[in-house]
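Heads up: the structure comes next, in structure tokens.
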Amino acid sequence: MELSELLQWAEMGQKYGTLTVVSQEIYKHFFFQQGELIYLCSRKRGEQLGEFLLAGNYLTRTQLSEALKKSRELGITFVAYMISNKFLSKDQATQAMKNLALTSITDALKWQTGLFEFMEEIPESVLKGPIKLNASQLLMLSAVQYDHELLSTESWHSR
């Protein structure tokens with residue numbers, strides 16, 4: 001199955017669990033609750049929420065380290081900690097997660113091969129997250145972004 005089919009399957013089936021996709025030792029985990037994407041994480045450099053927040057000047061590296069440590073101690077998601085301690089508004093956190101999801105999905109759409117696994121389990125700390133994203137909308141936006149990147153590359157090569 002392609003990633004696009006997997007994301008649609010999770011949403012349409014209102015799935016609960018963790019979709020893990022792997023290619024060339026890059027792991028991406030998408031967490032679904034009632035078909036909505038509630039959190040994601042990636043082992044790929046540039047695809048971590050903290051990196052997005054640092055790049056957007058939402059917080060300093062010291063604040064990031066402290067927030068990660070405290071959220072683990074409290075057993076809550078990093079995002080929930082950031083919102084509850086007013087580092088981010090819920091809208092800012094939602095937009096950051098959406099941008100992260102778009103980057104991660106767009107990258108995975110480029111994969112030629114890969115493996116996936118769906119487990120009907122979600123870590124307890126992920127369940128406490130305040131964000132819920134529409135997988136179909138993310139998939140559509142990622143496909144547009146992927147097509148745009150492909151067209152940009154093709155037009156560059158044709159010069």
Candidates Phe30, Phe118, Phe116 - the one meeting ring-ring contact (aromatic ring centres under 6.0 Å, His included) with Trp9 | Phe118
Step through the shown structure and confirm whether more than 12 heavy atoms of other residues, nucleotides or ligands are within 6.0 Å of CD on Glu73.
-> yes
Does Lys15 reach the side chain of Gln33, with side-chain heavy atoms less than 4.5 Å apart?
-> no
In terms of hydrophobic clusters joined by side-chain contacts under 4.5 Å, are Val22 and Leu7 together?
-> no
Answer with yes or no whether the hydrophobic clustering places Leu139 together with Met1; edges join I, L, V, M, F, W, Y residues whose side-chain heavy atoms lie under 4.5 Å apart.
-> yes
Check whether any side-chain heavy atom of Trp111 sits under 4.5 Å from a side-chain heavy atom of Ile26, and report yes or no.
-> yes
Would you check if there is a donor-acceptor pair between the side chains of Glu117 and Thr20 at a distance under 3.5 Å?
-> no
What heavy-atom pair brings Gly35 and Ala135 nearest, and what distance separates the two atoms?
-> O-CB, 4.5 Å
Less than 4.5 Å apart, any side-chain heavy atom of Leu53 and any of Leu64?
-> no
Side chains of Lys28 and Glu47 in contact at under 4.5 Å (non-hydrogen atoms) | yes
In this structure, OG of Ser42 is separated from CD of Gln48 (nearest 0.5 Å) by 7.0 Å
Would you check if the side chain of Ser104 reaches a backbone N or O of Ala101 as a donor-acceptor pair within less than 3.5 Å?
-> no
Give a yes or no on this: more than 12 heavy atoms of other residues, nucleotides or ligands lie within 6.0 Å of atom NZ of Lys110.
-> yes
Smallest heavy-atom separation, Leu68 atom then Ser71 atom, equals O-OG, 3.0 Å
Linking I/L/V/M/F/W/Y whenever their side-chain heavy atoms sit closer than 4.5 Å, directly or via other members, would Leu74 and Leu59 fall into one cluster?
-> yes
Quick one: are Glu2 and Leu6 in side-chain contact, heavy atoms under 4.5 Å?
-> no
Minimum heavy-atom separation for Pro123 to Phe31, with atom names?
-> CD-CE2, 3.5 Å
About how many Å separate CE of Met119 and NE2 of His29, when rounded to the nearest 0.5 Å?
-> 11.5 Å
So OG of Ser142 and CG of Asp107: to nearest 0.5 Å the spacing works out to 10.0 Å
State whether a side-chain donor-acceptor pair under 3.5 Å links Asp91 with Gln95.
-> no
Atom CD of Glu66 and atom OH of Tyr81: how far apart are they, to the nearest 0.5 Å?
-> 6.0 Å
Rounded distance (nearest 0.5 Å) linking atom NZ of Lys44 with atom OH of Tyr27 | 15.5 Å
Point-to-point distance, once rounded to the nearest 0.5 Å, from OG of Ser23 to CG of Leu3 | 11.0 Å
Which of these passes side-chain contact (heavy atoms from CB on, under 4.5 Å) with Ile38: Ile122, Val79, Ile131?
-> Ile122
In terms of hydrophobic clustering (I, L, V, M, F, W, Y; side-chain heavy atoms under 4.5 Å; direct or indirect links), are Leu127 and Leu49 co-clustered?
-> yes
So do the side chains of Thr94 and Met97 get within less than 4.5 Å of each other, counting heavy atoms only?
-> no
State, with a plain yes or no, whether a side-chain heavy atom of Phe32 is found less than 4.5 Å away from one of Glu11.
-> no
Hydrophobic cluster identity match, Met140 and Met12, side-chain contacts under 4.5 Å = no
Side chains of Gln34 and Tyr16 in contact at under 4.5 Å (non-hydrogen atoms) = no
In sequence, state the C-alpha distance, the side-chain angles, and the governing distance for Asn134 and Glu36, and then conclude on side chain to side chain donor-acceptor pair (under 3.5 Å).
-> CA-CA 6 Å; Asn134 180 289; Glu36 294 180 299; over 6 Å; no
Step by step, would you call Val21 with Leu115 a side-chain contact (heavy atoms from CB on, under 4.5 Å)?
-> CA-CA 6 Å; Val21 295; Leu115 302 171; over 6 Å; no
Do other residues, nucleotides or ligands put more than 12 heavy atoms under 6.0 Å from Glu120 CD?
-> no
Shortest non-hydrogen contact from Phe52 toward Gly46 | CE1-O, 3.3 Å
